[in-house]
Every structure is written in C-alpha cells, then in structure tokens.
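Report on the structure given below.
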Amino acid sequence: MQDLPFDQTRFRRTLGRFPTGVAVVTGAGPDGAPLGITVSSFNSVSLDPPLILFSIARRANSFAAWQAARHYAVNVLGEDQEWLSDRFARPAADKWEGVTVTAGQHGMPVLPGCLAVLECEAYARHDGGDHEIFVGRVLGLTVDRDGPPRPPLVFFAGRYRKLMPDPAAPEAAGDSLARQNG
Ligand SMILES: Cc1cc2nc3c(=O)[nH]c(=O)nc-3n(C[C@H](O)[C@H](O)[C@H](O)COP(=O)(O)O)c2cc1C
C-alpha cells in the first residue's frame, strides 16, 4: 500500500477509493422553488429513530436554501439515471427542465424511476468544516419494486461505474445458464 503525504489532491484521491451510490436530494426552498442537488455523501445513521445524513458544501449556491428546508427527499439513482446525476450536479437555473416529478407528501418534488426514495423532515445540522452535515428523520419510504433491486448508479475514483450482475440473483443465474446452453 502506498503511503501518501497529506495534501488535498491526495486526500480526495484517497476518499475516492471508497465507492458510493449516487442520490439527488430534492426539496423546496423558502420561496417554494424546487431544490435539487446530487450527493454521494448520503448514508444511514440510526434505525430508531430512523435517521439518514448527507453533507452539502457551504459554497454551494443552494446552501442557504437547504439550511431553510424543513423537508426533503433522498432519491437513490439507478445506473440508467446518470443524466439526472449530471443535471443536479451543476449550478444551473434550468436544472428541472424536462424532468417530470411527482409530489412528495411534504411538498418536495420526487424524481420518478429511482431505486428508492426516502422522504424526510429536517432533524439536525452539524458543522462539517467546509460542508454542513444534514441529518434527516425518515417519514416515508418507497422502493422501486419488491424482489431483486435494479442496478444502482455507482461513483468510484471520480467516475460513474456499474455493478457487476450478482451471479447468485435468479435472473443472472438464468442468464449464465442460457449462455452455457447457447
Ligand atoms: C457524483 C457526485 C456526487 C456529489 N456529492 C456531493 C455531496 O455529497 N455534497 C455536495 O455538497 N456536493 C456534491 N456534489 C456536487 C454538487 O452536486 C454540485 O456542486 C451542485 O452544483 C450543487 O448544486 P447548486 O449549485 O445548485 O447549489 C456531487 C457531484 C457529483 C457529480
């Protein structure tokens, strides 16, 4: 293992060795305007009470609006939703153009076709250096379907990735059987 001297580039590179999923957090700002930001910092915190977290950069354009948001939804992206990740990772005025949404229970826009959606109320915010850590209390859950999940969008070493199919999953096992017999 390489022992890297500590600087920001190497710090980022080191953190990039930890693969994550990708989510878009959606909410409504104090003026009611929709908010959406791509995050890889989403994680679980507590089962009881049900808590999740993500962090937002203080320098993000939408930072103040997120601080004021009372509710938000974490939309977990599938591997076919890279375009949504890109769309909400830009400080653009037209983030929502062409994006159809459904209404969450608490006024936040919810993205269709996601692997999972967790609707939350703002629970706590903590100092996280140049980011702030947002802790949400989960009020509602949606998964795209029962049974084996669709493949997620993965972020690793600064790039989007795909998970290898699970050889133990029934459809993958069927696939390999078909290949063997074909
Ligand atoms: C895969 C990926 C993960 C990201 N994760 C985060 C994150 O966890 N926190 C964050 O503040 N920004 C993250 N970003 C960057 C923001 O999405 C980006 O700065 C966005 O423009 C912020 O929205 P705003 O400009 O409307 O405030 C990520 C970007 C990508 C592509």
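Atoms within each ligand, like the ligands themselves, are counted from 1 in listed order.
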| message | Between Arg87 and Lys95 (side chain of the first, backbone of the second, donor and acceptor by atom type, cut-off under 3.5 Å), is there such a pair? | response | yes
| query | Among Val39, Thr38, Asn43, Asp86, which one has a heavy atom closest to atom 13 (C) of ligand 1? | reply | Thr38
| message | Is there a path of hydrophobic side-chain contacts, each under 4.5 Å between heavy atoms of I/L/V/M/F/W/Y residues, joining Leu115 to Leu111? | response | no
| message | Please determine whether any non-hydrogen atom of Phe54 lies less than 4.0 Å from an atom of ligand 1. | response | no
| request: Could you see which bit of Lys95 sits under 4.0 Å from ligand 1, with heavy atoms only: side chain, backbone, both or neither? | output: side chain
| query | Numbering the atoms of ligand 1 from 1, which are under 4.0 Å from a heavy atom of Ile56? | reply | 11 (O)
| said: Please tell me whether Tyr160 and Ser85 have a donor and an acceptor in their side chains that are separated by less than 3.5 angstrom. | reply: yes
| query | Looking at atom 11 (O) of ligand 1, what's its closest protein heavy atom, distance included? | reply | Ala57 N, 2.8 Å
| note | Heavy-atom proximity to atom 22 (C) of ligand 1 ranks first, among Ile37, Val25, Val154, for Ile37
| remark: Shortest non-hydrogen pair, Val135 vs Tyr72, comes out as O-OH, 3.3 Å
| atom 19 (O) of ligand 1: nearest protein contact (heavy atom, Å) | Ala89 O, 4.4 Å
| Looking only at distance, does Phe155 have an N or O less than 3.5 Å from an N or O of ligand 1? | no
| Which of the atoms in ligand 1, numbered in the order shown and given with their element, are less than 4.0 Å from a heavy-atom of Ala60? | 27 (O)
| field | Salt-bridge criterion met for Arg150 and Asp144 (N-O under 4.0 Å) | value | yes
| field | Partner of Val110 by side-chain contact (heavy atoms from CB on, under 4.5 Å), out of Thr142, Val24, Val101, Asn75 | value | Asn75
| request: State whether Arg58 and Asp127 are salt-bridged, where the test is any N-O pair (Lys NZ or Arg NE/NH1/NH2 against Asp/Glu carboxylate O) under 4.0 Å. | output: yes
| Numbering as shown, the atoms of ligand 1 that approach Pro91 to under 4.0 Å (heavy-atom distance) | 21 (O), 25 (O)
| query | Can Ile52 be reached from Trp66 by stepping across I, L, V, M, F, W or Y side chains whose heavy atoms are under 4.5 Å apart? | reply | yes
| task | Please identify which atoms of ligand 1 are closer than 4.0 Å to at least one heavy atom of Ser55. | result | 7 (C), 8 (O), 9 (N), 10 (C), 11 (O)
| field | Presence of salt bridge, Arg70 and Glu121, under 4.0 angstrom | value | no
| remark: For atom 8 (O) of ligand 1, the closest protein heavy atom turns out to be Ser41 OG, 2.6 Å
| field | Working for ring-ring contact (aromatic ring centres under 6.0 Å, His included), residues Phe134 and Phe54 | value | CA-CA 5 Å; Phe134 289 69; Phe54 55 90; 5.5 Å; yes
| said: Taking 4.0 Å as the limit for heavy-atom contacts, which would you say applies to Phe88 with ligand 1: side chain only, backbone only, both, or neither? | reply: backbone
| query | For atom 5 (N) of ligand 1, which protein heavy atom lies nearest, and how many Å away is it? | reply | Ser40 N, 3.0 Å
| query | In the protein, which heavy atom is nearest to atom 27 (O) of ligand 1, and how far is it? | reply | Ser62 OG, 2.6 Å
